[in-house]
Amino acid sequence: MKPQQMLIATTIALITSIFYLVPDAGAQRSAGTHVVFMTVAEIKGSTTTDKLALPNVNPGDLSKGYGYTPPSDHDKNALHRWEVSSYMLSPGSVTVQQGTTVILNVFVVNGDEHEVQVFSPDGSVVIPKTTWNRGREYRLSIVAEKVGTYQLICSTHAPTMTAAILVLPR
């Protein structure tokens, strides 16, 4: 090969290498994947009427996400004891960049059934309503295409059992 041909071949190889190895500054790169491990849990607390007055309103009347067991219903041997509870998703929020694939691995600790679905920032359904049961793990995957807040909501225990996926622009 002549020196001039060698120079041309080397130049072409160099330009080709640069084209494939250096990302185009204007190209949209993938945001990648973000895996989140969540837990569905029921938080419980109890006290006695001699330590704290009963609530004026039954918390269960305020929301399906709250539970209330009045004295004598909780334990027949503890007539002054009352209990409150609330369901939650933990963590309750996650922040990702636009375009990220979000994988939620959710373990249900307690509660017999949870009717859950995921909504996009514009309110459209991303994942249709499905039932989760205690003692099982569920996996959801969404691509966070829209900037704003995606909502994972349990209609059985809303508004306390919700989680937000905040999507920031790239």
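Residues take their numbers from the sequence shown, with the count starting at 1.
Between Phe119 and Val125 the shortest side-chain heavy-atom distance falls below 4.5 Å. In this structure, Arg134 and Asp112 have side chains that are in contact, with non-hydrogen atoms separated by less than 4.5 Å. You'll find the side chain of Glu42 stays beyond 4.5 Å of the side chain of Ser86, heavy atoms only. A heavy-atom distance below 4.5 Å is found between the side chains of Thr131 and Asn133. Contact of the Val106 side chain with the Trp132 side chain is registered, since non-hydrogen atoms from C-beta on lie closer than 4.5 Å. Using a 4.5 Å heavy-atom cutoff, the side chains of Ser155 and Val116 are not in contact. The shortest side-chain heavy-atom distance between Ile103 and Thr33 falls under the 4.5 Å cut-off. Residues Met88 and Met161 fail the side-chain proximity criterion, which asks for heavy atoms closer than 4.5 Å.
By the rule that hydrophobic residues join a cluster once side-chain heavy atoms approach within less than 4.5 Å of another member, Leu89 and Leu140 end up as members of one cluster.
From Asn105, atom CG reaches atom CE of Met38 across 10.5 Å, with rounding to the nearest 0.5 Å. Annotation: the span from Tyr150 atom OH to Ser124 atom OG amounts to 7.5 Å, rounded to 0.5 Å. In this structure, NZ in Lys129 is found 10.0 Å from CD1 in Ile153, a value given to the nearest 0.5 Å. Annotation: the span from Ile127 atom CD1 to Tyr138 atom OH amounts to 14.0 Å, rounded to 0.5 Å.
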Verdict with reasoning, Val109 to Val40, per side chain to side chain contact (heavy atoms under 4.5 Å, CB included)
CA-CA 6 Å; Val109 174; Val40 172; 5.9 Å; no

Going through the checks in order, is the side chain to side chain contact (heavy atoms under 4.5 Å, CB included) test met by Ser141 and Val102?
CA-CA 6 Å; Ser141 179; Val102 180; over 6 Å; no

Are His34 and Thr100 close enough, and set up right, to give a side chain to side chain contact (heavy atoms under 4.5 Å, CB included), and what steps lead you there?
CA-CA 7 Å; His34 189 83; Thr100 300; 3.8 Å; yes

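Between Gln117 and Pro128 the shortest heavy-atom distance is CB-C, 3.8 Å. Between Gly99 and Val143 the shortest heavy-atom distance is O-CG1, 4.0 Å.
Judged purely by atom type and a 3.5 angstrom limit, Gln98 has no side-chain atom pairing as donor or acceptor with the backbone of Leu168. Under a 3.5 Å cut-off, the side chain of Thr160 and the backbone N or O of Tyr87 do form a donor-acceptor pair. Of the possible donor and acceptor atoms, one in the side chain of His114 sits under 3.5 Å from a partner among the backbone N and O of Asn110. In this structure a side-chain-to-backbone donor-acceptor pair under 3.5 Å is missing from Thr162 to Leu152.
Considering Thr149, Leu104, Thr95 in turn, Leu104 is the only one that fulfils the side chain to side chain contact (heavy atoms under 4.5 Å, CB included) rule with Ile165.
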